[in-house]
Novice: 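I have a structure I would like to understand better, so I am pasting it below and will then ask my questions one at a time.
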Amino acid sequence: MEPNLPDVVLWSIPAFVLLTVIEMASYRLHPDEDAAGYETKDAATSVTMGLGSLGFDLLWKIPILAIYMGVYELTPLRVPVVWWTVLLMLLAQDFFYYWSHRGHHVIRILWACHVVHHSSEKFNLTTALRQPWTSATVWPFYLPLIACGVHPAALAFCQSANLVYQFWVHTERVGKLPRPFEYVLNTPSHHRVHHASQGGYLDRNYGGILIIWDRMFGSFAAEAERPVYGLTKNISTYNPLRVATHEYAAIARDVRAADTWSERAGRVFRGPGWQPAAKAGAVTVAADSAAASPTTPATALAPAAPAPDTLSPQASAPERAL
């Protein structure tokens, strides 16, 4: 019997609209020159990406639901839907969300989906709506829950609740919360770090509702300096189709330019900023030569293969070695 659970996202839409209007008004009444704030074209692109994701998600749900239902029917386990099991399912879903989110930052073909959400150089409540149109890469991470007897409808409820929670953390208008909340929950402060593109903020704070997973698995960073939002190489476009597909196009270009099959596989399945050892070494040698010879033109430092249009925040992290 399918659980009778509410559509959390649908019921939350009025709150989304109201909170966005309040945030916009707050920038009018109390401007902050250091905050990223709002820009009309950027906000319109974010809303368009969100509306588009609703349509595409309906298409992806058909085969994904078929797989989930197949696994659910095969497993002898069943998790009843009562108040205390729903809390446990929310906790478990948030755990698997952490690993899905982390995977979508460190595997380039998955990053091609998730990069959409990081493509804005602004950080406000409309940024939360900037969702991908190719979210079919997410479903494998939740198969363990289905195999343990969680009904697909219960999983969908937990995913929706997680998504709704994350809406409010996309803001610069809320500072740091009291310490107990900051220690346990994902907050605007933690999520600002996640959307930043500089230094020690890269590839941090993957949590959805809880930040404890980042503390447990070594990916936590506290907010210190003001974040700079966006990508390490921004795309500078408001075209929704380009926003949705630009990294897939970059992967295709890199695969065509690759010299070996191992390099082709690396361009797809390694980290977003991955370079083959030989080409990475060539760039290093070129840089060393340029330092020794001030007259060396800057173009001599270009890598042998085209760089992707966008890089994950991880692309320039010194510890990037996946």
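In this text, all values refer to a predicted model and were calculated from it rather than measured experimentally.
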Novice: Linking I/L/V/M/F/W/Y whenever any side-chain heavy atoms sit under 4.5 Å apart, do Phe181 and Phe167 land together?
Specialist: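 Yes, same cluster.
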Novice: Going from OG1 on Thr126 to NE2 on His170, what distance comes out if it is rounded to the nearest 0.5 angstrom?
Specialist: 10.0 Å
Novice: To the nearest 0.5 Å, what is the distance between CG (Asp94) and OG (Ser100)?
Specialist: 11.5 Å
Novice: Between Phe123 and His191, what is the ring plane arrangement, given parallel below 30°, perpendicular above 60°, and tilted in between?
Specialist: tilted
Novice: Would you say the side chains of Tyr248 and Thr134 form a donor-acceptor pair under 3.5 Å?
Specialist: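 Present: a donor and an acceptor within the cut-off.
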Novice: So if you build clusters from Ile, Leu, Val, Met, Phe, Trp, Tyr with side-chain heavy-atom gaps below 4.5 Å, do Phe141 and Ile67 land together?
Specialist: yes
Novice: Does any donor atom in the side chain of Asn205 or Asn186 lie under 3.5 Å from an acceptor atom in the other side chain?
Specialist: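 Short answer, no.
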Novice: Is the shortest side-chain heavy-atom distance between Arg78 and Tyr72 below 4.5 Å?
Specialist: yes
Novice: Do Val193 and Phe220 make a side-chain contact, defined as non-hydrogen atoms from C-beta onward lying under 4.5 Å apart?
Specialist: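 Side-chain contact under 4.5 Å: no.
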Novice: Check this for me: does any side-chain nitrogen of one of Lys122 and Glu39 sit under 4.0 Å from a carboxylate oxygen of the other?
Specialist: no
Novice: Just verifying a value: how many Å separate Glu73 CD and Ile146 CD1, rounded to the nearest 0.5 Å?
Specialist: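 The distance works out to 11.0 Å.
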Novice: Check whether Leu90 and Trp11 end up in the same hydrophobic cluster, where Ile, Leu, Val, Met, Phe, Trp and Tyr are linked by side-chain heavy atoms less than 4.5 Å apart.
Specialist: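 No, Leu90 does not connect to Trp11 through the hydrophobic network.
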Novice: Between Ser262 and Thr260, do the side chains contain an N or O donor and an N or O acceptor separated by less than 3.5 Å?
Specialist: yes
Novice: Is there side-chain contact between Pro63 and Trp139, with at least one heavy-atom pair below 4.5 Å?
Specialist: no
Novice: Take His195 and Thr127 through the test side-chain contact (heavy atoms from CB on, under 4.5 Å) and record every step on the way to the result.
Specialist: CA-CA 10 Å; His195 273 259; Thr127 307; 4.1 Å; yes
Novice: If you take all heavy atoms of Asp214 and Ser219, which pair is closest and at what distance?
Specialist: OD1-OG, 2.6 Å
Novice: Would you please name every residue forming a salt bridge (Lys or Arg N to Asp or Glu O under 4.0 Å) with Asp42, sequence neighbours left out?
Specialist: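 Asp42 satisfies salt bridge (Lys or Arg N to Asp or Glu O under 4.0 Å) with Arg130 once adjacent residues are dropped.
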Novice: Step by step, work out the side-chain contact (heavy atoms from CB on, under 4.5 Å) result for Ile109 and Thr137.
Specialist: CA-CA 9 Å; Ile109 191 63; Thr137 57; 5.9 Å; no
Novice: Under a 3.5 Å distance rule, please check whether Asn162 uses its side chain to pair with a backbone N or O of Gly208 as donor and acceptor.
Specialist: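 Between the backbone of Gly208 and the side chain of Asn162 there is no qualifying donor-acceptor contact (under 3.5 Å).
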Novice: Quick check against the 3.5 Å criterion: does Thr75 have a side-chain atom that pairs as donor or acceptor with the backbone of Val71?
Specialist: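 Looks like no, no N/O pair under 3.5 Å.
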Novice: Can you find a pair of side-chain heavy atoms, one from Asn124 and one from Met24, that are under 4.5 Å apart?
Specialist: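 No, every pair of side-chain atoms sits at 4.5 Å or beyond.
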Novice: Find the distance between OG (Ser119) and CD (Glu247) and round it off to the nearest 0.5 Å.
Specialist: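 So the OG of Ser119 and the CD of Glu247 are separated by 11.0 Å.
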Novice: For Leu129, is there any backbone N or O sitting under 3.5 Å from a side-chain donor or acceptor partner on Ser46?
Specialist: no
Novice: Between the side chain of Ser135 and the main-chain N/O of Pro132, is any donor-acceptor distance below 3.5 Å?
Specialist: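 Flag not set: sc Ser135 to bb Pro132 has no pair under 3.5 Å.
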Novice: Are Val47 and Tyr238 linked, directly or through other ILVMFWY residues, by side chains that come within less than 4.5 angstrom of each other?
Specialist: no
Novice: What is the minimum heavy-atom distance between Ile107 and Val268, and which atoms define it?
Specialist: CG2-O, 4.4 Å
Novice: Could you give the distance from CG (Leu110) to CZ (Arg102), rounded to the nearest 0.5 Å?
Specialist: 14.0 Å
Novice: Strictly distance-based, threshold 3.5 Å: is any side-chain N or O of Trp60 a donor or acceptor partner for the main-chain N or O of Trp133?
Specialist: yes
Novice: Which atoms form the tightest heavy-atom contact between Glu182 and Gly175, and what is the distance?
Specialist: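 Where Glu182 meets Gly175 most closely, the heavy atoms are OE2-O, 4.4 Å.
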Novice: Is the Lys NZ or Arg CZ of Arg108 less than 6.0 Å from the centre of Trp111's six-membered ring, within 45° of the axis?
Specialist: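 Arg108 over Trp111 ring: no.
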Novice: Rounded to the nearest 0.5 Å, what separation is found between the CG atom of Leu185 and the CG atom of Leu177?
Specialist: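 Separation between the atoms: 8.0 Å.
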Novice: List the steps and the verdict of side-chain contact (heavy atoms from CB on, under 4.5 Å) for Val169 and His190.
Specialist: CA-CA 8 Å; Val169 301; His190 298 327; over 6 Å; no
Novice: Looking at Ser189 and Lys176, would you say the former's side chain and the latter's main chain have a donor-acceptor pair under 3.5 Å?
Specialist: no
Novice: Any donor and acceptor pair, going by atom type alone, linking the side chain of Tyr201 with main-chain N or O of Glu225 inside 3.5 Å?
Specialist: yes
Novice: Do Glu263 and Trp274 come close enough that some side-chain heavy atom pair is under 4.5 Å?
Specialist: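 Result yes, sub-4.5 Å side-chain heavy-atom pair found.
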Novice: Closest heavy-atom contact between Pro227 and Gln198?
Specialist: CA-NE2, 3.5 Å
Novice: Should the ring pair His101 and His118 be called parallel, tilted or perpendicular, given that the plane angle runs from 0 to 90° and is split at 30 and 60?
Specialist: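 Rings of His101 and His118: tilted, 30 to 60°.
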Novice: Does any part of the side chain of Phe157, heavy atoms only, come nearer than 4.5 Å to the side chain of Val8, both counted from C-beta?
Specialist: yes
Novice: Ring-plane angle category for His114 and His194, please: parallel below 30°, perpendicular beyond 60°, tilted otherwise.
Specialist: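 Correct class here is tilted.
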Novice: Any heavy-atom pair between the side chains of Met89 and Val86 that's under 4.5 Å?
Specialist: yes
Novice: Closest heavy-atom contact between Ile235 and Val243?
Specialist: CD1-CG2, 4.1 Å
Novice: Is there a side-chain contact between Ser53 and Met49 in this structure, where contact means two heavy atoms from C-beta onward sitting under 4.5 Å apart?
Specialist: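 Not in contact.
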Novice: If you look at every heavy atom in Thr171 and Leu125, which pair is closest and at what distance?
Specialist: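 Here Thr171 and Leu125 meet closest at CB-CD2, 4.3 Å.
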Novice: Mark yes or no for whether Gln131, through its side chain, and Gly50, through its backbone, hold a donor-acceptor pair below 3.5 Å.
Specialist: no
Novice: Verify whether one side chain among Tyr38 and Glu23 offers a donor that lies under 3.5 Å from an acceptor in the other.
Specialist: yes
Novice: Applying the 4.5 Å side-chain criterion to the ILVMFWY set and letting contacts propagate, would Phe95 and Tyr183 be lumped into a single cluster?
Specialist: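 Phe95 clusters together with Tyr183.
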Novice: Hey, is CZ on Phe217 packed in by over 12 heavy atoms from elsewhere, all under 6.0 Å?
Specialist: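 Yes, because the 6.0 Å sphere around CZ of Phe217 holds more than 12 heavy atoms from other groups.
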Novice: If you take the centroid of each ring, where Trp contributes its six-membered ring, are Trp213 and Tyr97 closer together than 6.0 Å?
Specialist: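 No: the rings miss the under 6.0 Å criterion.
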Novice: Angle class for the Phe96/Tyr142 ring planes (parallel below 30°, perpendicular above 60°, tilted otherwise)?
Specialist: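 Rings of Phe96 and Tyr142: perpendicular, over 60°.
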Novice: Once the angle between the rings of Tyr206 and Tyr98 is folded into 0 to 90°, is it parallel (under 30°), tilted (30 to 60°) or perpendicular (over 60°)?
Specialist: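 Perpendicular: the ring planes of Tyr206 and Tyr98 meet at over 60°.
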Novice: List the steps, then state whether side-chain contact (heavy atoms from CB on, under 4.5 Å) holds for Leu210 with Leu91.
Specialist: CA-CA 9 Å; Leu210 301 175; Leu91 181 65; 3.6 Å; yes
Novice: Between His30 and Ser26 (side chain of the first, backbone of the second, donor and acceptor by atom type, cut-off under 3.5 Å), is there such a pair?
Specialist: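 No, because the side chain of His30 does not come within donor-acceptor range (under 3.5 Å) of the backbone of Ser26.
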Novice: Has the side chain of Asn234 got a donor or acceptor atom that lies under 3.5 Å from a matching backbone atom of Ser236?
Specialist: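 Between the backbone of Ser236 and the side chain of Asn234 there is no qualifying donor-acceptor contact (under 3.5 Å).
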